[in-house]
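Within every chain, numbering begins at 1; the chains are lettered A, B, ... in the order of the sequence lines, protein sequences first and strands thereafter.
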Amino acid sequence: MAKQLLLIDGNSIVFRAFFAMHNQIDKFTNKDGLHTAAIYGFKLMLDHVLDKFHPDAALVAFDAGKVTFRTKMYDDYKGGRNKTPDELTEQFPYVRELVEACGLHSYELKNYEADDIIGTLAKEGDEAGYETLIVTGDRDLTQLASDHTTVAVTHKGVTDTEHYTPAHVEEKLGITPRQIIDMKALMGDSSDNYPGVTKIGEKTAIKLVKQFGSVENLYDHIDDLKKSKMKEHLVEDEEIARQCKTLATILQDAPLEISLDDIAYRGEQTEKLVAFYQQMGFKSFLAKMDLAPEEGADDSAPVKYTELTADNLAAVDQLKGELSFYLEMPDANYHTSPFAGFVIGDGTTWLVSRDAELLKQAPLKKLLESPAVAKNVFNAKAQIVGLHRLGIDLRNVDFDLLLASYLLNTNDNSNDLGQVALEHDYHEVATDEEVYGKGAKRAIPDDDQTFYTHLAQKARAINDLRDPLFKKLDDNQQTPLYTEIEVPLTRVLAAMEITGIKVNSQTLKDMGSKLTERLADIEDQIYAAAGEEFNINSTKQLGHILFEKLKLPVIKKTKTGYSTAVDVLEKLADQAPIVEDILQYRQIAKLQSTYITGLLKVIHSSDQKIHTRYLQTLTQTGRLSSVDPNLQNIPVRLPEGRLIRKAFVPSHEGWQIFSSDYSQVELRVLAHITGDKNLQEDFKNGEDIHASTARRIFHLPADAEIDRNMRRRAKAVNFGIVYGISDYGLAQRIHVSRSQAHEFIQNYFKEFPGVKKYIDDTIAFAREHGYVETITHRRRYLPDIHAKSFSRRSFAERTAMNTPIQGSAADIIKIAMIRMKEEIKQRQLQARMLLQIHDELVFEAPAEEIPVLQKLVPQVMDSAVQLNVPLKVESKVGDTWYDLK
DNA sequence: CTAGTCACG
DNA sequence: ACGTACGTGACTAGC
């Protein structure tokens, strides 16, 4: 059998490993504070390769430094790249140490890149009859694929690779591996920063290479090409194309000081490797080494617990210090879920029971309500609401595992304790799905031992994760966010949910019957126009009627068929009267199903109220969301829908609904964060911000009348800026040409240069650190900021700039809610906070308290944080949510 | 269980 | 050449 040669592109794999694990970067640090994610990922890759490939010789090649013969030849080669993050740079020496401990050689050569070392050795291997495997994160190396050399390029993560053989290259690109060089010479390489020929992209480059075989031959026969813009560019850029070809060519004759004879694979050096793993804190790799277990590494010990009954409640008095507590509610909706059992303990003793009624008894109730005893829980809000139903007021929540975990990384949020624990490398607790099952089979086990073990493990996990998670919050400067905002907010939200909002079901029913009649009429008209009856709610059937039977033009398609969305139907409305009817039908059907029958289903019969649940640990930006039902999307824009709000009424006779909302809070946050002088000035002058934006970007004099259309366009531009604008997107929305939209955006950036700078800086920050943050250090990790796919990367860039704005606005209203609750209590008002709708707070209060709220609420809201522009709050009051004025 | 649609900020 | 504005939840159809 042929000898085998393994060549690894060290730099590119280390980069890949680092960015693949970037969203977990904080989980990978050793006890000295060294980041280890890239080292860990590198080892994963190595194990994966060595599992299938058994090399006789193996080498990991590294770049020697920034200066190479390519940079000498072309100044900008690899220019414009972002600085390598410090968290990565510090790992390189250790990767080399790891490589040695694994029995591979490593090598670098001044003035040359790792690619050239690999190219040269691969050629030597080819000539000496080796089968060679090259592992890299860089697709450029596929030019080295040959009959005896395969190039494995990492695909997703570090272990998922795509294998390039000459046949595979042919299949993907239609050219030979060596012709990849010619292709790149023509199209350039944006990541290595050389240009190629003007206006030639991958498609055209491949076409030309197929036609002419090589760059040289192309220029020998350039006269054969018909006159065209492309030909002009080719002639113009001949010099560049030839130079790019040299840049793109990986050397196969670099002056190496080593040869294949020097790089025999030695196999793992066990002792070195164990010492290395210990230094890095790689427990999982250590565990695989088949060594005698370490003393004291005993955290997999089965958990011991005691079943609590009415007869041994005294056991509770033996608990000491902070307590971890968990009340099991199997249904997601904790307002109505049954109680399956609970666990309470102090880290050594765990007391469990199936009987939640025991909690009402003195010793347990006293502990839970004691402000002197700190409690550790998972999802404090669910626990507060659940215990409230048992007449218990849970006090002094210190640690909430769910909340802390969400703040550390919004990406891996789950409502399952076992799942969350796993995210933090804690394995001693099962997930609910593992113990309770899923779907229809899901049930609390009858077997006591199974159930109690699971409960006790949950409490133990909460207990064990407290200190490490607090430490991580502190490292992220997120302790104030946790203790001063999110934990206090939990109580505020729990109170709002428990209070609920009164809904007049008769009002809804009356509206429902009217809607039913109207629907029947419209249906008849639609069937008449269509010439048959069909299900209007089915996009498939509707598409068939509109685009096949009635032959209306197809404007947009979806993955599965014709699009029938509003913007499409609006374009068709003047071509067939049926379209207008369908739009009407849709609007009414939506009201009927979601807002009439939907809301009627969730009114509690006991109090005629709706009790929503706010999800505090779901959104990627720090906003709340509302479920069961969603009270943050009750209709308001269209008059027919708005009527739904008539059903939302105060819970007492003589009370009123009062609401205050922030005016343009996101744009004010934008002015604050970007520090843009012009935007700040407009807000400080108290201007109508969309009008003043119009004045600036359309270059109008200060006293000019702003017509509605201009204001509308400026408003769309303002929204676009906040969302991460594209000319195409803006053009779609305001119905102008793409070039006009482009001009608006350019004007905006010229008028508000601070905003432009902020966008660039924020994206650069995200690239360097892998996350962005709000004014309170709320974080969002953006692993896709390094994605190869243009659209994924672009999306990450837009969210990078949007998240600090949307998220800071969310921070602000959260602070206001906490202050408001305190003020209501301190002033002994009867008023209650009922709803939060992102930039709006809704209250109910006795009519005589309304004047107090008129002053108090705006004052609390606009002083929640001190920005360098004023916050503005507007208030309304009325007898129902509909009648606010 | 996913896709399409539409309600909100 | 890419594919197109940020963040959500509920309902219905149809596999």
Of the listed B/dA7, B/dT5, B/dG9, the closest approach to the A/Gln587 side chain comes from B/dA7
Stretch residues 634-648 of chain A: residues that reach within less than 4.0 Å of DNA chain B through a heavy atom:
A/Ile634, A/Pro635, A/Val636, A/Arg637
OP1 or OP2 of C/dC6 under 4.0 Å from side-chain N/O of A/Arg798
yes
Between A/Asn535 and C/dA13, is there a side-chain N or O to OP1/OP2 distance below 4.0 Å?
yes
B/dG4 OP1/OP2 closer than 4.0 Å to side-chain N/O of A/Thr560:
yes
So A/Thr539, base contact, sugar-phosphate only, or nothing? Heavy-atom distance under 4.0 Å.
sugar-phosphate
Ignoring backbone atoms, establish whether A/Lys559 has a side-chain N or O less than 4.0 Å from OP1 or OP2 of B/dT2.
no
Less than 4.0 angstrom between a side-chain N/O of A/Ser563 and OP1 or OP2 of B/dT5, yes or no?
yes
Is A/Thr558 close enough to B/dG4 that one of its side-chain N or O atoms is under 4.0 Å from OP1 or OP2 there?
yes
Is the distance from OP1 or OP2 of C/dG14 to the nearest side-chain N or O of A/Gln541 less than 4.0 Å?
yes
Heavy atoms from C-beta onward define the side chain here; which of C/dG7, B/dC6, C/dG9 lies closest to that of A/Thr799?
C/dG7
Looking only at side-chain N and O atoms, does A/Arg780 come under 4.0 Å of OP1 or OP2 in C/dG7?
yes
Would you say C/dC2 has OP1 or OP2 under 4.0 Å from some side-chain N or O of A/Ser794?
no
